[in-house]
Amino acid sequence: MIIDSHAHLDYPELSDDLSGVLMRAHEAGVDRVISIGVKLSTADRPRAIAEAHDNVWFSVGVHPHEAANEDLACDTAAFLKAADHPKCVAIGEAGLDYHYDFAPRDRQADSFRAQIAAARELDLPIIVHAREADDDMANIIEEEMEKGAFTGVLHCFSSGPELARRAIDVGFYVSFSGILTFKSADEIRQVAMTTPENRILVETDAPYLAPVPMRGKSNEPAYTRHTLSKLAEIRGQSESDMIAVTRANTLRLFSRMEA
Ligand code: NI
């Protein structure tokens with residue numbers, strides 16, 4: 001079955017009907033979800049959902065949008081503490097967003113590096129949000145890799161091919177969302193076609209970015225199925241192959257999710 005490697009189950013669009021959301025996911029062949037943290041100050045929310053549901057895991061992170069609002073955004077120890085839980089499978093989402101620039105860029109970078117340090121220390125992957133920041137993102141990942149190995153994923157991939165290449169070269173994975181089904185996304189589809197098979201993941205980023213034919217609706221984990229189908233079509237592989245491949249990759253990367 002399919003794993004949705006990135007959803008925000010604690011957002012009201014999803015949490016208000018969580019049992020319905022998880023039931024529809026199961027009916028669509030999506031049996032596991034990673035619920036992604038975006039603030040330390042609300043880290044208890046995805047954690048509580050993971051504690052209440054056998055097939056949900058969670059991550060702890062500060063999104064670049066929140067880097068200025070969160071007092072502890074650059075405090076590695078705070079991430080280590082919040083991630084100390086058997087169902088915490090990753091640090092993030094963290095990264096750089098130069099499209100919105102909701103926090104100063106140096107603060108975004110400092111928070112991102114603090115979270116990489118936590119990921120490295122805990123031997124957990126980092127979930128990376130990158131928007132319109134390709135060069136700085138690739139440079140930080142490469143610089144940090146020199147300080148000590150870590151692993152991670154470019155989530156909801158929407159950057160250029162060069163960032164994908166540089167991240168894959170240092171061992172990263174690339175996760176594709178519903179954007180893959182959007183008419184204008186030829187460049188993203190090109191990256192999806194050429195990413196090595198053992199580095200591809202799928203996700204919804206729900207409640208955002210519902211794939212075609214659900215575009216415009218609130219997204220939910222069940223719709224990972226549409227992105228998976230598009231990925232199979234682009235790569236000329238069967239859906240069952242693509243499900244097996246992305247599942248194995250997800251379990252390898254998020255190795256704290258027991259198989
Ligand atoms: Ni997200």
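For ligands, and for the atoms within them, numbers begin at 1 and follow the listed sequence. Values below: every heavy atom of this structure, side chains too, minus hydrogens, waters and symmetry copies.
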**Q** Quick one: closest heavy-atom pair of Asn55 and Asp31, and the distance?
**A** CB-O, 3.1 Å
**Q** For Asp123, I'd like to know if atom CG has over 12 heavy atoms of other residues, nucleotides or ligands within 6.0 Å.
**A** no
**Q** Identify, with sequence neighbours excluded, every residue that meets salt bridge (charged side-chain N to carboxylate O under 4.0 Å, His left out) alongside Asp186.
**A** Arg189
**Q** Less than 2.8 Å away from the Ni ion (ligand 1), how many protein N/O/S atoms can be counted, ignoring water?
**A** 4
**Q** For Phe102 and His63, I'd like to know if the aromatic rings sit close, meaning centre-to-centre distance below 6.0 Å.
**A** no
**Q** Looking at His8 and Ile36, would you say the former's side chain and the latter's main chain have a donor-acceptor pair under 3.5 Å?
**A** yes
**Q** Which distance, rounded to the nearest 0.5 Å, do you find between the OG of Ser177 and the CZ of Phe157?
**A** 11.0 Å
